[in-house]
K.L.:
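Would you mind keeping the following structure in view while I ask a few things?
Remember, predicted model here, so these are calculated numbers, not experimental data.
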Amino acid sequence: MYSGSDFRFFDIYVDDAVKSMMVNVYELDAGAWKSLGNGAAHSIEGGRARFVISGGDEAHLRTAVQTADSMSAAVHSVPLVNHFEDMGYSAYFLSEQVEIECGVEIPVAIWAYSVGGSLRNYAPDYGFKNPQEYVASDYKLVCAVTIPFSQDVCE
């Protein structure tokens, strides 16, 4: 299922009040994050879940959430860029434990694509809060993935 060259697993522990999470995908557009509108909602049961994200060398990001009783997966399309296969990219994933607060987006990954030169990427939290850091570089595409949690049940 996860054929991209970059993938990460995240173990999620929340209190029983948290019932769902949303996976949101953004593209950097003129210095601001623009939602690609292809998010996916996943249920969380029993306060635990495992989240996996895959992408990088393909035009899709794949996500999945596994709980004790279920598994759900989604494919998120990202904008195609001319000569996508000729581009270099850098992926940066959340690497430390973070406190989960319902309704607050947690940046978990950022991919930056370019056709030459060096690639500089930033930790997801910093890069998502400071998109201007990417504007000065000649990136062809920058995508971010965030997760907000909710007390609402998925429908």
K.L.:
Check the pair Asn24, Ile147 against side chain to side chain contact (heavy atoms under 4.5 Å, CB included), reporting the backbone distance first and the verdict last.
P.N.:
CA-CA 6 Å; Asn24 296 318; Ile147 300 175; over 6 Å; no

K.L.:
Checking side chain to side chain contact (heavy atoms under 4.5 Å, CB included) for the pair Ile110/Tyr122: CA distance, chi angles, key distance, verdict?
P.N.:
CA-CA 8 Å; Ile110 293 185; Tyr122 301 92; 5.8 Å; no

K.L.:
Which pair of non-hydrogen atoms, one from Ser43 and one from Val65, has the smallest distance, and what is that distance?
P.N.:
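Closest approach of Ser43 to Val65: O-CG1, 4.1 Å.
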
K.L.:
Which heavy-atom pair separates Gln151 from Lys19 by the least distance, and what is that distance?
P.N.:
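Answer, listing the atom of Gln151 first, then Lys19: O-CG, 3.3 Å.
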
K.L.:
Under the ring pair (Phe, Tyr, Trp, His ring centres under 6.0 Å) rule, collect the residues that match up with Phe128, sequence neighbours excluded.
P.N.:
Tyr26, Trp33

K.L.:
Distance check, rounded to the nearest 0.5 Å: Ile100 atom CD1 versus Ile106 atom CD1?
P.N.:
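Interatomic distance, Ile100 CD1 to Ile106 CD1, rounded to 0.5 Å: 5.0 Å.
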
K.L.:
If you define the side chain from C-beta out and look only at heavy atoms, does anything of Ile44 sit under 4.5 Å from Phe149?
P.N.:
yes

K.L.:
Which pair of heavy atoms, one from Tyr134 and one from Arg120, lies closest together, and at what distance?
P.N.:
CE2-O, 4.2 Å

K.L.:
List in chain and number order the residues that pass salt bridge (charged side-chain N to carboxylate O under 4.0 Å, His left out) with Lys129, two or more places apart in sequence or in another chain; answer none if no residue qualifies.
P.N.:
Asp125

K.L.:
Kindly state each residue pair satisfying side-chain hydrogen bond (donor to acceptor under 3.5 Å, both in side chains) with at least one member in residues 91-103, sequence neighbours excluded.
P.N.:
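Every candidate side-chain hydrogen bond (donor to acceptor under 3.5 Å, both in side chains) pair involving residues 91-103 fails, so no pair, neighbours aside, qualifies.
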
K.L.:
Could you go step by step and tell me if Arg48 and Thr67 meet the side chain to side chain contact (heavy atoms under 4.5 Å, CB included) rule?
P.N.:
CA-CA 6 Å; Arg48 293 182 62 182; Thr67 65; over 6 Å; no

K.L.:
Going only through I, L, V, M, F, W and Y residues with side-chain contacts under 4.5 Å, is there a path from Met22 to Val25?
P.N.:
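Not linked; separate clusters.
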
K.L.:
Side-chain heavy atoms under 4.5 angstrom apart, residues restricted to Ile, Leu, Val, Met, Phe, Trp, Tyr: same cluster for Val142 and Val135?
P.N.:
no

K.L.:
Should Val104 and Val98 be counted in the same cluster of Ile, Leu, Val, Met, Phe, Trp and Tyr side chains packed under 4.5 Å apart?
P.N.:
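No, Val104 and Val98 fall in different hydrophobic clusters.
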
K.L.:
How would you list, by chain and number, every residue that makes a salt bridge (charged side-chain N to carboxylate O under 4.0 Å, His left out) with Asp152, sequence neighbours excluded?
P.N.:
none

K.L.:
Can you check whether Trp111 and Phe93 have ring centres sitting under 6.0 Å from each other?
P.N.:
yes

K.L.:
Not counting sequence neighbours, which residues clear side chain to side chain contact (heavy atoms under 4.5 Å, CB included) with Asn130? List them please.
P.N.:
Tyr126, Gln132, Glu133

K.L.:
Which heavy atom of Ser72 sits nearest to which heavy atom of His42, and what is that distance?
P.N.:
OG-ND1, 2.5 Å

K.L.:
If you take all heavy atoms of Gly31 and Leu28, which pair is closest and at what distance?
P.N.:
C-CD1, 3.8 Å

K.L.:
Tell me, do Cys102 and Val18 make a side-chain contact under 4.5 Å, heavy atoms counted?
P.N.:
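Yes, close enough: below the 4.5 Å cut-off.
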
K.L.:
Heavy atoms only: give me the nearest Thr146-Pro107 pair and the separation to one decimal.
P.N.:
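That closest heavy-atom pairing would be CG2-CA, 3.9 Å.
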
K.L.:
According to the side-chain hydrogen bond (donor to acceptor under 3.5 Å, both in side chains) rule, which pairs have a member within residues 9-18, sequence neighbours left out?
P.N.:
Asp11-Arg50

K.L.:
How many angstroms lie between NZ in Lys34 and SG in Cys143, if you round to the nearest 0.5 Å?
P.N.:
10.0 Å

K.L.:
Can you check whether Phe51 reaches Val108 side chain to side chain, under 4.5 Å on heavy atoms?
P.N.:
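Yes, side chains in contact.
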
